[in-house]
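Here is how names work: the chains are called A, B, and so on, in the same order as the sequence lines, proteins then strands, and each is numbered from 1.
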Amino acid sequence: MYRAPRGTTDILPDEQVYWSFIRQKAYEISVLYGYRRVDTPAFEDAGLFVRSIGEDTDIVEKETYTFDDRSGDKLTLRPEGTASICRAYIEHGMHTLPQPVRLYYDAAIFRYERPQAGRYRQHHQYGVEALGEGDPALDAEVIDMAWQFYANLGLKGLSPILNSIGCSVCRPTYLNSLMEYYTKHRNAVCSDCRRRLERNPLRLLDCKKPSCVPLTEQAPRSTDHLCPDCSDHFSRLSSYLRLLNLPFVTNHRLVRGLDYYTKTVFEIAPEREESAQATVGAGGRYDDLIEQLGGRPTPGIGFATGIERLILNMKKQKIIVPQSAEPFVFVAHISQQAKDEAMKLASLLRRSGISVIPSLGDRSLKAQLKQANSMGANKAVIIGEDEAKSGTVVLRDMAKGEQNIVPRDVVVETLRKTYHRFVLVENRITCAIMKVG
RNA sequence: GUGGGCGUAGCCUAGUGGUUAAGGCACCAGGUUGUGGCCCUGGAGAUCGAGGGUUCGAAUCCCUCCGCUCACCCCA
């Protein structure tokens, strides 16, 4: 038997209410903050991600889905969203647009990892990128936008965590003092940390092992080693966030797993983290990235949020999403002649913008109504031999359990009048047709 | 890649050495004429994750593999 590949999942109809709700809120807030949608390919030239995320990061080293296509091109399924957006910015000459260019995306992300609660090999991220402006006010905008987005979803108890990891000017000296410090304590740290010391010193700060935590507390802080530019940026960002009443906290141990970040990094996570993969969203500034990818020097800042984790948190907080159960009519029939009439009527109703589920097969009326009931039909149209002969139908209200006989040629009108929500469906369809026309 | 927990019908669960593996939900059909929700009756649906071993006898004990799950690493 075939199953969905490891770490992937089917999003079944009952789950879709969360997805459409979250996406609707994401699109709303994007418009509100002036961001426009970009869709990029699910795969890119493998080199793009090596260049942007960094050769020595876990993502590139062991988590990418990379393959050669039939022409021998080396491609990678995107393991994050930012690199593709930057590539598109360069490729389409967006530096000629008014800066910053505000973009958003909603895309599937692929990482080869061991699946776990809130972690998948294919997951989905909604993210925004603002390119071409280095003003900390823009950092504040992005963080504020993320914060408002979560508030609009009804999520509570989240906290933005902020840090600055400096830039190409000041980070090297900071890393030196960090490595100096840890080299001195080399024998006191765990084996993971000794490996981090070689590969990715910033991550040393992130170790949660009780034996290492005291050392991380006393370790040199990036914010104490910022150059005047970065230091100024960080303090101005902080004051903008206070201005906007964002209840952020700073944490000198917050680092990120991608090499391209400069200055601002942030995460938004539940305050009391029960399970491990609690972070719902994260982002930061990447002022050197576009230049690294071959564009002219262009600062940028972005943010991404994992939709699966949002749903996880929404369920945990028992947030009820609006159920938009579309009303529909069930069309039942008794006898072959009646079935012909039922098929014709179902088609007519659908063309008139009314949702219809026709009964299939030749089952007893009882069985048909039972199905209509369990499917949640609002109305049932019943056509039997008598109705087929006399050109009428039985129109039954499923909730009230009342019914009456209606001439067939007024069924559409009657349904419109007695059930105004159907008209909404019709309007929507009409609007779509007008746009196309 | 490392470690823990768990695999009995579509879903949830009982059964821990002894007849044809039990129940609930869901599904299908009936409960006299063409009417749903409640109730009653019946039906279908499981090579007990797979393979091997121990035993007169294995869902049950042992081994291997696979899958799911949680955690570490890392990340949304």
Atom CZ of A/R121 and atom C1' of B/C75 are separated, to the nearest Å, by 14 Å

Sugar-phosphate only, base, or nothing, as touched by A/Q403 at under 4.0 Å among non-hydrogen atoms
base

Rounded distance (Å) that lies between atom C1' of B/C73 and atom CZ of A/R194
16 Å

Please evaluate the base of B/G1 for a donor-acceptor partner in the side chain of A/E113 within a cut-off of under 3.5 Å?
no

Where the side chain of A/D58 is defined as all heavy atoms beyond and including C-beta, which of B/C74, B/C72, B/A76 is the nearest nucleotide?
B/C74

Is the phosphate of B/C73, meaning OP1 or OP2, less than 4.0 Å from a side-chain N or O of A/R195?
no

d(CZ, A/F110; P, B/C74) in whole Å
24 Å

Distance between the C1' atoms of B/C61 and B/G45, in whole angstroms?
30 Å

Correct closest heavy-atom pair for A/E129 and A/I85 would be CG-CG2, 3.8 Å

So, for A/E271 and A/S159, which heavy atoms are closest and what is the spacing to 0.1 Å?
CG-CB, 3.6 Å

Measure from the side-chain heavy atoms of A/A117 and tell me the nearest of B/C73, B/G34, B/C70.
B/C70

How many whole angstroms separate atom CD of A/E15 from atom P of B/C11?
16 Å

Work out how far the P atom of B/A26 is from that of B/C75, and round it to whole angstrom.
46 Å

Taking all non-hydrogen atoms of both residues into account, name the closest pair between A/E341 and A/A388 and its distance.
CG-CB, 4.2 Å

Measuring only the P atom in each nucleotide, how far is B/C25 from B/A21? A whole number of Å is fine.
22 Å

Salt-bridge contact A/K379-A/D397 (side-chain N to carboxylate O under 4.0 Å):
yes

Partner lookup for B/U2, please. Criteria are Watson-Crick or G-U wobble with both distances under 3.5 angstrom; report none if nothing qualifies.
B/A71

Distance in angstrom units between A/R363 CZ and B/G36 P, rounded
13 Å

Does the side chain of A/Q116 get closer than 4.0 angstrom to OP1 or OP2 of B/C72 through an N or O atom?
yes

What distance, rounded to whole Å, do you find between the two C1' atoms, one in B/G51 and one in B/G67?
14 Å

B/G42 pairs with which nucleotide, Watson-Crick or G-U wobble, both distances below 3.5 Å?
B/C28

Whole angstroms only, please: what is the NZ-P distance between A/K62 and B/C75?
9 Å

Distance in angstrom units between A/E63 CD and B/G1 P, rounded
13 Å

Please give, in whole Å, the distance from B/C75 C1' to A/E267 CD?
9 Å

Now, which nucleotide makes the Watson-Crick or G-U wobble pair with B/A22, with each of the two distances under 3.5 Å?
B/U13

Select one nucleotide: of B/C68, B/U35, B/A76, the one nearest the side-chain heavy atoms of A/I382.
B/U35

Please classify the nucleic acid contact of A/G118 as base, sugar-phosphate, or nothing, using heavy-atom distances under 4.0 Å.
base

Minimum-distance pair of heavy atoms, taken over all atoms of A/P160 and A/P247
CD-O, 3.7 Å

Of A/T262, A/D139, A/T264, which meets side-chain hydrogen bond (donor to acceptor under 3.5 Å, both in side chains) against A/R285?
A/D139

C1' atom, B/C62 versus B/U54: distance in rounded Å?
7 Å

Show your working on salt bridge (Lys or Arg N to Asp or Glu O under 4.0 Å) between A/R203 and A/D206 and close with a plain yes or no.
CA-CA 5 Å; A/R203 289 239 79 91; A/D206 211 21; 2.8 Å; yes

Working for salt bridge (Lys or Arg N to Asp or Glu O under 4.0 Å), residues A/R253 and A/E217:
CA-CA 8 Å; A/R253 287 162 48 189; A/E217 282 301 336; 3.0 Å; yes

Test your reading of the model: is there a side-chain donor-acceptor pair from A/Q317 to the backbone of A/K156, 3.5 Å cut-off?
yes

Looking only at side-chain N and O atoms, does A/R196 come under 4.0 Å of OP1 or OP2 in B/C74?
yes

C1' gap between B/C39 and B/U20, integer Å:
31 Å

Sugar-phosphate, base or nothing in reach of A/L258, heavy atoms under 4.0 Å:
sugar-phosphate

How is A/R111 classified with respect to the nucleic acid when contacts are heavy atoms under 4.0 Å: base, sugar-phosphate, or nothing?
base

Pick base, sugar-phosphate or nothing for A/E387, based on heavy-atom distances below 4.0 Å to the nucleic acid.
base

Just name whichever nucleotide pairs with B/A76, Watson-Crick or G-U, keeping both distances under 3.5 Å, else none.
none

Test A/R256 against A/N163 for side-chain contact (heavy atoms from CB on, under 4.5 Å), laying out the working first.
CA-CA 10 Å; A/R256 313 253 50 244; A/N163 194 19; over 6 Å; no

Both distances below 3.5 Å, Watson-Crick or wobble geometry, any strand: find the nucleotide opposite B/G34.
none

C1' atom, B/U32 versus B/U41: distance in rounded Å?
16 Å

Is any side-chain N of the basic residue among A/R102 and A/E133 closer than 4.0 Å to the acidic one's carboxylate O?
no

Which protein N or O atoms sit under 3.5 Å from an N or O of nucleotides 2-4 of chain B?
{"from": "B/U2", "atom 1": "O4", "to": "A/R114", "atom 2": "NH1", "distance (Å)": "3.0"}
{"from": "B/U2", "atom 1": "O4", "to": "A/R114", "atom 2": "NH2", "distance (Å)": "3.2"}

For B/C65, the nucleotide meeting Watson-Crick or G-U wobble distances (both under 3.5 Å) is B/G49

Euclidean distance for C1', B/C74 against B/U2 (whole angstrom):
13 Å

Please tell me which of the listed nucleotides, B/A76, B/C68, B/U35, lies nearest to the side chain of A/R6?
B/C68

Which heavy-atom pair separates A/V331 from A/A346 by the least distance, and what is that distance?
CG2-CB, 4.5 Å

Would you kindly check whether a donor in the side chain of A/R203 faces an acceptor in the base of B/C74, or vice versa, at under 3.5 angstrom?
no

Polar pairs (N or O, both sides) under 3.5 Å between protein and nucleotides 37-41 of chain B?
{"from": "B/G37", "atom 1": "O4'", "to": "A/N373", "atom 2": "ND2", "distance (Å)": "3.0"}

Classify the nucleic acid contact of A/D206 as base, sugar-phosphate or nothing, counting any heavy atom under 4.0 Å across all strands shown.
nothing

Ring centres of A/F266 and A/F248 under 6.0 Å apart?
no

Return the pairing partner of B/A59 with a 3.5 Å limit on both distances, Watson-Crick or G-U wobble; otherwise return none.
none

Pairing check on B/U54: which nucleotide meets the Watson-Crick or G-U wobble criteria with it, both distances under 3.5 Å?
none

The side chain of A/R256 is closest to which nucleotide in this list: B/G34, B/U69, B/A76?
B/A76

